[in-house]
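Please read the structure below before turning to the comments.
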Amino acid sequence: MNKVAFHTLGCKVNSYETEAIWNLFKQNGYERVDFEHDVADVYVINTCTVTNTGDKKSRQVIRRAIRRNPEAIVAVTGCYAQTSPKEIAEIPGVDIVVGTQGRDRLLEYVAQIRGERTPINAVGNIMKTREFEELDVPNFTDRTRASLKIQEGCNNFCTFCIIPWARGLMRSRKPESVIEQAEKLVAEGYLEIVLTGIHTGGYGEDLEDYNLAKLLVELEQVEGLQRIRISSIEASQITDEVVAVIDRSEKICRHLHVPLQAGDDDVLKRMRRKYTTAEFMDRIRKVRKALPGVAITTDVIVGFPGETEEQFVTGYNFIKELGFAELHVFPYSMRTGTPAARMEDQVDEEVKKYRVAKLIELNQQLSVKYAQPFIGDVLEIIPERPYKEDPTSGKLMGYSDNYLNVVFEGTEDMIGKICKVCLDEVDAEYCTGTFVRVLEALPTGMESKGKAV
Ligand code: SF4
């Protein structure tokens, strides 16, 4: 049996696509082996280019695969492959370069290389691509939560971001294909689906008379599906229609990840983000009214070119006032090819470090403050795995619908099921709770989400 090994760099979309590519190999009788410890016949490296470091790491991994088995076929895909195919093709030992489109032909290319060892560069112009790449992912190697990719690309061109050049413009998956995939995942036993994409909340912008709100309504009807999580949505995409759907829904999780990036209007403008802090606050207030207790998590970049101490403090105060449940803090990292990398007033690394530390400290306060009111409530947790800090403790770890990371005593057969757990204590890292019972899958509407019972 032929053996294939994968290495994935970068974001969740890449992990998703690796699963899709693995699915293609599996259907063709391949066995999946470990990238680090086993020798494979084919290596697939799914690369990242979000920062300059992403490129460097991707090249290191490619070289590692070539060294491990110089006879193997080495295929490189993903964002770095899309933006710099020549750079990758020049690495001796690389056989196939395919970007962020056309991965369905990967096995064809592998067969071609077996016949005649002439390297293949299959990277096309992503800016001209208008079709969503349809790849089936009916199950996942090691997750209890299933991702479902609903769109590709982004039309925003924020000044710090290279992604539109790596992923192309916005393309939505056809609604019937999304629903079909959701049904397959439910049939595989997944209770929660995470809707994912490069610019997930923009779903439908390229479709006629269809949008994210309508898709959510249709997904709500999928029998057996218990939870729908939206991986990320821009403030400007939280329309009144989306808020109304969230309000009526029994399945949409009380968790929205809404990237803020900066809490100061001047910085937002230079980032070319499409909202002001006042508009952001207004959208969040509406969501909170529709979904009381909702966890709003976010991404923040500190040290964007030209960010003064005063602007940082304005942003800090805005973040505090808004009361996010969790912050993902990133120091600004220069990405060659983007407008921000050419801006003159780059911020000193030491200043960035200080600002990151301040926000990490704020994150700890905010996450405890968000979780505290839920102490004593019985939440619905889907345990994902044994508690990894102490795997022999008989404890499991999983997320509640409002994204609290909860550890509680339980047995491994509970993994992937919805468990009722009483929240006892909260902490910035994780919360602890007491197991109450396993919830048998009930028809929609018979159990309310995450409320005290
Ligand atoms: S919205 Fe901005 S940050 Fe997000 S993918 Fe698009 S260009 Fe990049």
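Bear in mind that the values here come from a model prediction, so they are computed numbers and not experimental data. Counting convention: from 1, in listed order, for ligands and their atoms alike. One-based numbering along the sequence shown. We use all heavy atoms of the structure for the numbers below, so side chains are in, but hydrogens, waters and symmetry mates are not.
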Atom CD of E36 with >12 non-hydrogen neighbours under 6.0 angstrom:
yes
W22 atom CH2, neighbour heavy-atom count above 12 within 6.0 Å:
yes
Under 4.0 Å to a heavy atom of [X] - the qualifying atoms of ligand 1, by number:
{"X": "F160", "value": "3 (S)"}
{"X": "P164", "value": "7 (S)"}
{"X": "N156", "value": "1 (S), 6 (Fe)"}
{"X": "H199", "value": "1 (S)"}

If we set the cut-off at 4.0 Å for heavy atoms, which region of P259 has an atom near ligand 1: side chain, backbone, both, or neither?
neither
Just to be sure I read this right, does ligand 1 sit under 4.0 Å from the backbone of F157, its side chain, both, or neither, counting only heavy atoms?
backbone
Between E380 and D401, is the side-chain contact (heavy atoms from CB on, under 4.5 Å) condition met? List the steps.
CA-CA 7 Å; E380 290 179 5; D401 80 296; 5.7 Å; no
Salt-bridge criterion met for E17 and K149 (N-O under 4.0 Å)
yes
Does the pair E87/K56 count as a salt bridge with the N-to-O cut at 4.0 Å?
no
Non-hydrogen atoms of R167 versus ligand 1: any pair closer than 4.0 Å?
no
Students should be able to answer this: which protein heavy-atom is nearest to [atom], and at what distance?
{"atom": "atom 2 (Fe) of ligand 1", "answer": "C158 SG, 2.3 Å"}
{"atom": "atom 8 (Fe) of ligand 1", "answer": "C161 SG, 2.3 Å"}
{"atom": "atom 6 (Fe) of ligand 1", "answer": "C154 SG, 2.3 Å"}

Which is closest to atom 4 (Fe) of ligand 1 in terms of heavy atoms, R273, M271, Q261?
R273
Apply the test side-chain contact (heavy atoms from CB on, under 4.5 Å) to residues Y109 and I73: give CA-CA distance (whole Å), side-chain angles for both, the deciding distance (0.1 Å), then the verdict.
CA-CA 10 Å; Y109 300 141; I73 295 174; over 6 Å; no
Can you tell me how the ring of Y403 sits relative to the ring of Y399, calling it parallel under 30°, perpendicular over 60° and tilted otherwise?
parallel
Between NZ on residue K26 and CD on residue E19, distance to nearest 0.5 Å
8.0 Å
